[in-house]
Amino acid sequence: MSSPRSSSLAPTTLSPSRSAKSYFPPPAHSLQVKAKNDQSVLKYVEAPSPFSQEPGQLVTTTVRDYDLTETSKLLRAAYMGIAMMAFMHLYLKYTQPLFIQALMTIKNLYDAKLVAIHVLGKTPEGDLKRPFKTAGMFGAPPSGPATDAASIAEAEKRIGSKKDE
């Protein structure tokens, strides 16, 4: 016979309708990207690492997958800011930077190109065209993936020559 106490300590199992993922719903922004389901092909050559001699890699993806990847980067940056703010407040007992950090997080999310496209409804033209260019540091010109036909053709030739070897 089992006692009521031992049955309460038994591990609980989730029913198929309630999986572990249901406790953490996906962010609303990624739901909007998935709802649009833009399967347009996006080809670009990634920018090479600044200290590497190797040329950039050719990337072929869809707009949906590109946006989901960029969304995860955006959310990771926002969560990192929240974690730093919590550390500074709870462990170091700083209170002054909290207000500025909270405002900067909201400003950075508002300035994000994905938010402008999917939340604010702007068309992906000009500066919002995929793949996104990243702002250079210390006034340097923006850098980012190469989307011109010559760069893509050169990267495809490198891939073709590697397969022949």
Side-chain angles (χ1 to χ4, degrees), residues 11-52 54-148 151-152 155:
T12 58
T13 58
L14 297 175
S15 66
S17 63
R18 282 190 65 173
S19 65
K21 289 185 178 181
S22 68
Y23 291 116
F24 301 106
H29 185 20
S30 68
L31 290 177
Q32 289 178 345
V33 172
K34 290 177 183 177
K36 284 187 180 180
N37 199 21
D38 189 355
Q39 295 295 323
S40 303
V41 176
L42 183 64
K43 268 187 170 183
Y44 60 93
V45 178
E46 281 184 335
S49 175
F51 303 110
S52 172
E54 297 179 13
Q57 298 287 329
L58 177 68
V59 178
T60 303
T61 185
T62 62
V63 170
R64 176 185 185 264
D65 292 339
Y66 181 79
D67 283 356
L68 288 174
T69 303
E70 292 297 314
T71 300
S72 68
K73 290 178 187 176
L74 179 67
L75 289 175
R76 193 176 312 125
Y79 292 151
M80 185 59 75
I82 292 169
M84 289 299 293
M85 187 171 53
F87 171 76
M88 287 173 53
H89 179 65
L90 298 174
Y91 187 73
L92 300 176
K93 306 293 187 214
Y94 288 148
T95 56
Q96 294 171 343
L98 291 178
F99 181 70
I100 294 170
Q101 181 64 31
L103 289 178
M104 290 302 295
T105 302
I106 293 169
K107 179 200 168 293
N108 288 340
L109 287 174
Y110 181 77
D111 289 342
K113 294 175 181 175
L114 283 172
V115 172
I117 293 171
H118 293 286
V119 177
L120 303 177
K122 295 182 180 178
T123 58
E125 298 171 345
D127 191 35
L128 297 178
K129 188 176 180 189
R130 296 173 188 94
F132 303 130
K133 303 260 188 233
T134 56
M137 293 182 63
F138 306 114
S143 64
T147 57
D148 58 305
S151 298
I152 292 172

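Quick note: residue numbers are just sequence positions, from 1. Computed from a predicted model, the values in this text were never measured in an experiment. The figures here come from the full heavy-atom set of this structure, side chains too, leaving out hydrogens, waters and symmetry mates.
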Using the rule given for side-chain contact (heavy atoms from CB on, under 4.5 Å), can you reason through Arg130 versus Ile117, listing the C-alpha separation, both sets of side-chain angles and the distance that settles it, and then say yes or no?
CA-CA 11 Å; Arg130 296 173 188 94; Ile117 293 171; 3.6 Å; yes
So with a 6.0 Å cut-off around CZ of Phe87, is the heavy-atom count from everything else above 12?
yes
Please check this pair: side chain of Ser151 against backbone of Thr147, looking for a donor-acceptor N/O pair closer than 3.5 Å.
no
To the nearest 0.5 Å, atom CZ of Phe132 lies from atom CG of Asp67 at 5.5 Å
Could you grab the distance from atom CG of Leu74 to atom NZ of Lys113, nearest 0.5 Å is fine?
12.0 Å
Sidechain-backbone polar pair: Lys133 side chain, Pro145 backbone, donor-acceptor under 3.5 Å
yes
What pair of heavy atoms forms the shortest contact from Leu128 to Thr123, and how long is it?
CD1-O, 3.7 Å
About how many Å separate CD of Gln101 and CE of Met84, when rounded to the nearest 0.5 Å?
8.0 Å
Atom CG in Asp111, atom CD1 in Ile106: separation rounded to 0.5 Å?
12.0 Å
When rounded to the nearest 0.5 angstrom, what is the spacing between OG1 in Thr62 and CG in Leu68?
8.0 Å
Can you tell me if Tyr44 uses its side chain to pair, donor with acceptor, with the backbone of Thr61 under 3.5 Å?
no
Measure across Leu114 and Glu70 and return the closest heavy-atom pair with its distance rounded to 0.1 Å.
CD1-CB, 3.2 Å
If you take all heavy atoms of Leu109 and Val115, which pair is closest and at what distance?
O-CG2, 3.1 Å
Go through the steps for Gln39 and Arg64 under the test side-chain contact (heavy atoms from CB on, under 4.5 Å), then give the verdict.
CA-CA 6 Å; Gln39 295 295 323; Arg64 176 185 185 264; 3.5 Å; yes
Results of side-chain contact (heavy atoms from CB on, under 4.5 Å) for Thr69 - residues two or more places apart only:
Lys73
Which residues satisfy the ring pair (Phe, Tyr, Trp, His ring centres under 6.0 Å) test with Tyr94, sequence neighbours excluded?
none
Shortest non-hydrogen separation from Leu42 to Pro131 and the atoms involved
CD1-CD, 4.0 Å
NZ/Lys122: more than 12 non-hydrogen atoms of other groups inside 6.0 Å
no
